[in-house]
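Note sheet for the following structure.
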Amino acid sequence: MLKIIIPTIMLMPLTWLSKKNMIWINTTTYSLLISLISLSLLNQPSNNSLNFSLMFFSDPLSAPLLVLTTWLLPLMLMASQHHLSKEPLIRKKLYITMLTMLQTLLIMTFTATELISFYILFEATLVPTLIIITRWGNQTERLNAGLYFLFYTLMGSLPLLVALISIQNLTGSLNFLLIQYWNQALPDSWSNIFLWLACMMAFMVKMPLYGLHLWLPKAHVEAPIAGSMVLAAILLKLGGYGMLRITTMLNPQTSFMAYPFLMLSLWGMIMTSSICLRQTDLKSLIAYSSVSHMALVIVAVLIQTPWSYMGATALMIAHGLTSSMLFCLANSNYERTHSRTMILARGLQTLLPLMAAWWLLASLTNLALPPSINLIGELFVVMSSFSWSNITIILMGTNITITALYSLYMLITTQRGKYTHHINSIKPSFTRENALMALHMTPLLLLSLNPKIILGFTY
Amino acid sequence: MNPLIFTTILMTVLLGTMIVMMSSHWLMIWIGFEMNLLAIIPILMKKYNPRTMEASTKYFLTQATASMLLMMAIIINLMHSGQWTITKVFNPTASIIMTSALAMKLGLTPFHFWVPEVTQGISLTSGLILLTWQKLAPMSILYQISPSINLNILLTMAVLSILVGGWGGLNQTQLRKIMAYSSIAHMGWMTAVLVYNPTLTMLNMLIYIMMTLTMFMLFIHSSSTTTLSLSHTWNKTPLTTTLILITLLSMGGLPPLSGFMPKWMIIQELTKNSSIILPTLMAIMALLNLYFYMRLTYSTSLTMFPSTNNMKMKWQFETKRITLLPPLIVMSSLLLPLTPMLSILD
């Protein structure tokens with residue numbers, strides 16, 4: 001694993017020592033090379049994990065997330081070039097350093113064996129993200145957004161620290177590879193109920209669960225494009241990944257403790273999808289759609305069947321790529337009109353036809369069109385929740401319909417119709433932007449040819 | 001002040017604390033405290049104006065009361081054990097009185113009222129000495145009598161200190177008052193684990209002193225005593241803003257900075273001793289502290305505060321040269337991976 005971590009850390013001296021006209025080229029190229037290294041981890045020979053050392057390992061769950069993380073860094077760098085072009089050189093280098101630091105911490109989080117090390121790195125990812133949102137965001141609301149983001153996550157995760165330490169006292173070790181063989185049922189008592197809550201609330205806030213999702217629209221909207229991309233694509237998946245890891249230890253309380261959260265998620269996904277239909281702010285629409293998709297992942301993880309775990313993993317990867325692509329598209333609108341209001345930039349298909357093609361593909365994958373991996377994820381989750389309880393099919397069906405509705409609403413509002421006269425003079429699409437969209441779309445389309453690599457460890 | 005006299009007075013302060021830490025006779029400890037108190041008054045009053053006079057008077061009154069209470073506890077101990085050696089305190093009354101006296105010296109709730117007012121009235125360097133060096137002597141006595149301290153009283157004081165330190169600092173814009181409330185909260189953390197594992201108290205003290213030293217030196221470097229003047233540092237030394245950000249986040253206890261290490265170890269020790277609700281409450285109340293540190297970082301490093309043109313062209317007559325600053329900054333932010341080295345503190 002050091003073959004990925006050390007080069008990522010070395011990206012920082014690379015940015016500080018590069019010349020002015022080479023910083024973007026150097027960092028993007030080398031981060032693409034690092035993502036190629038991480039692809040080798042996808043070759044998981046057995047269901048057991050690929051064990052590299054005492055501290056880092058990778059298994060069929062963490063390998064796709066790791067590849068997604070490393071793939072996203074060059075994309076983030078490409079997306080940030082325009083809004084940073086007018087900043088002084090040192091601030092550009094600081095921004096890239098923040099992104100690289102975040103990347104290193106994320107790689108270490110996804111591959112940590114010991115759960116306390118996972119916790120420390122999980123918390124550590126908050127600091128660079130906070131700095132990116134608060135320092136480089138564009139509106140004054142970003143200060144509030146940073147505070148909400150930091151404090152919601154910290155309030156949820158401090159009980160997690162106490163819970164992890166008490167589990168360590170109980171079982172002697174928190175090394176993940178050992179725990180999966182420990183397999184002892186937690187006795188049924190009040191304190192174990194609180195232990196379950198303490199373990200899960202941190203990830204519920206991060207996912208986010210419907211009642212605790214207030215930080216997400218604020219943070220996603222106020223963050224600059226790289227911040228939005230990494231938040232939507234990876235940081236939400238940290239919550240899902242943590243939940244998938246920690247539920248192995250939490251039986252049998254999960255069978256009754258999960259009910260409130262299942263209800264909140266099932267209701268919440270319909271609520272947030274419906275809110276999307278009434279949004280005027282483009283980034284806010286994509287943020288609420290993230291909440292809705294993640295609610296599906298929460299439902300899948302809490303049901304705890306092999307098919308639902310497959311669906312959760314596939315949905316996380318698919319949503320990561322799709323959501324990040326939608327944010328890039330929204331940012332290309334923002335850079336031209338300097339406004340996030342949807343109706344101010346409509347009828348773009350006449351002006352930017354290639355970008356309209358990317359908008360179409362992104363919206364189609366967002367509404368889970370076959371044969372994309374979004375569909376595989378959602379379908380597995382719908383099927384397993386149907387087997388858990390027949391009635392959920394009504395809610396799931398409604399959600400799929402409303403998702404289709406708002407995705408097409410977003411597509412039609414921004415692309416179709418007559419364009420307004422005030423966007424006559426926008427710049428045509430840069431090659432960088434088209435390359436960015438292609439690099440998002442290509443993994444999505446290629447993965448639909450071989451989805452078993454993203455189906456996780458219950459395949 | 002005449003440099004020779006200043007050196008003598010400073011040495012007396014150091015000597016007082018050393019006598020406290022190294023004696024085995026209770027009377028010598030009391031003498032050490034008194035020497036420390038009398039010698040630090042001129043240091044607190046380096047600038048002669050009514051504010052420093054008031055601050056020094058408040059400090060003298062509280063510390064003298066605490067010393068007298070300590071003396072009473074020593075006498076009760078003498079009556080019940082017949083000897084003056086420091087081993088443990090032989091009588092519960094004496095133990096309670098001694099704990100209260102030492103809490104008064106440290107600034108724990110409910111004896112915390114003097115800390116913000118005294119710290120605000122004195123200069124930054126004197127404030128530095130007050131909040132770091134002066135805590136060493138009472139803490140060493142608490143360490144030595146830790147087996148015989150009444151757990152209920154100490155834990156109540158600790159938890160209330162964390163609460164007061166968090167809530168009290170929320171309405172402050174003066175940097176010295178913010179550091180004072182931060183000191184109250186950190187003292188609360190230190191005394192909470194005293195009965196379970198005194199080594200962690202020492203670890204927390206060490207890291208707290210490093211972080212407070214760093215913060216004060218950064219303030220001295222930019223000669224700022226209010227949030228407003230701190231927000232002008234991006235004009236003069238932009239690097240200082242990044243350092244203030246890192247040190248404040250470390251004081252708030254965010255991983256992966258070294259301020260997280262004492263909190264983590266304390267939570268681990270308390271959980272091992274089967275108290276689960278207490279460390280959870282303490283950790284959540286430390287978030288209050290983090291809120292006003294975040295407010296400071298917002299005005300200093302994460303936004304560019306508007307400033308008049310006068311501020312941009314301010315002359316710097318002499319650059320204060322603080323030699324110890326870079327190593328302190330490194331130590332107060334990057335020590336977390338060295339946690340396994342804790343065993344050297346035993």
Side-chain angles (χ1 to χ4, degrees), chain A residues 55 88 90-91 94 97-98 101 104-105 108-109 116-128 130-137 140 142-144 146-170 174 191-192 194-195 197-198 201, chain B residues 234 238-239 241-242 245-246 248-250 252-261 263-306 333-334 336-337 339-340:
Chain A
M55 302 210 38
I90 294 194
R91 271 187 229 144
L94 263 176
T97 312
M98 285 295 123
M101 225 191 294
T104 323
L105 293 168
M108 291 204 276
T109 318
I116 297 249
S117 151
F118 169 76
Y119 173 81
I120 293 182
L121 295 163
F122 174 80
E123 295 287 297
T125 57
L126 289 176
V127 177
L130 176 77
I131 298 179
I132 292 177
I133 295 178
T134 326
R135 177 68 182 79
W136 276 281
T140 54
R142 70 189 196 273
L143 304 173
N144 218 9
L147 278 175
Y148 265 72
F149 168 65
L150 184 70
F151 281 96
Y152 264 68
T153 316
L154 279 177
M155 277 290 285
S157 60
L158 283 169
L160 175 66
L161 178 64
V162 181
L164 283 177
I165 293 180
S166 66
I167 293 180
Q168 185 181 29
N169 286 335
L170 208 65
L174 277 179
S191 55
N192 280 332
F194 282 107
L195 186 72
L197 274 176
M201 286 320 282
Chain B
W234 70 267
L239 182 59
T241 61
T242 320
L245 170 74
I246 299 177
L248 276 173
L249 288 179
S250 181
L254 276 185
L257 304 165
S258 52
F260 178 64
M261 185 183 0
K263 293 200 164 61
W264 173 24
M265 291 289 115
I266 289 178
I267 292 179
Q268 189 164 13
E269 198 60 41
L270 285 171
T271 322
K272 267 193 213 153
N273 282 295
S274 308
S275 76
I276 312 256
I277 304 182
L278 182 71
T280 321
L281 271 176
M282 281 164 58
I284 293 184
M285 292 188 292
L287 285 180
L288 286 167
N289 262 347
L290 184 64
Y291 180 74
F292 57 81
Y293 296 146
M294 284 307 301
R295 208 170 35 199
L296 265 184
T297 60
Y298 273 13
S299 67
T300 315
S301 39
L302 289 177
T303 58
M304 291 187 155
F305 233 61
S333 50
L334 293 175
L336 189 65
T339 312

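Numbers restart at 1 for each chain; the letters A, B, ... are given by sequence-line order, proteins then strands.
Heavy atoms closer than 4.5 Å to chain A are found in both the backbone and the side chain of B:I276. For A:L121, no part sits under 4.5 Å from any heavy atom of chain B, backbone or side chain. Neither the backbone nor the side chain of B:L270 comes within less than 4.5 Å of any heavy atom of chain A. The part of B:S301 that comes within reach of chain A is its backbone (N, CA, C, O), which places non-hydrogen atoms under 4.5 angstrom from that chain. For B:L254, the part lying near chain A is the side chain, with the backbone staying farther off; criterion is any non-hydrogen pair under 4.5 Å. For chain B, the nearby part of A:L158 is the side chain; its heavy atoms alone come within less than 4.5 Å. In this structure, the portions of A:L143 lying under 4.5 Å from any heavy atom of chain B include both its backbone and its side chain. Interface remark: A:V162 contributes backbone and side-chain atoms alike to the contact with chain B (heavy atom separation under 4.5 Å). Contact annotation for A:L94: neither backbone nor side-chain heavy atoms come within less than 4.5 Å of a heavy atom of chain B. In this structure, chain A has heavy atoms under 4.5 Å from both the backbone and the side chain of B:Y291. Contact annotation for B:L257: neither backbone nor side-chain heavy atoms come within less than 4.5 Å of a heavy atom of chain A.
Considering only heavy atoms from C-beta on, A:L130 comes within 4.5 Å of B:M294 through its side chain. Residues B:T280 and A:F194 fail the side-chain proximity criterion, which asks for heavy atoms closer than 4.5 Å. Proximity of B:T297 to A:T134: side-chain heavy atoms (C-beta onward) are nowhere separated by under 4.5 Å.
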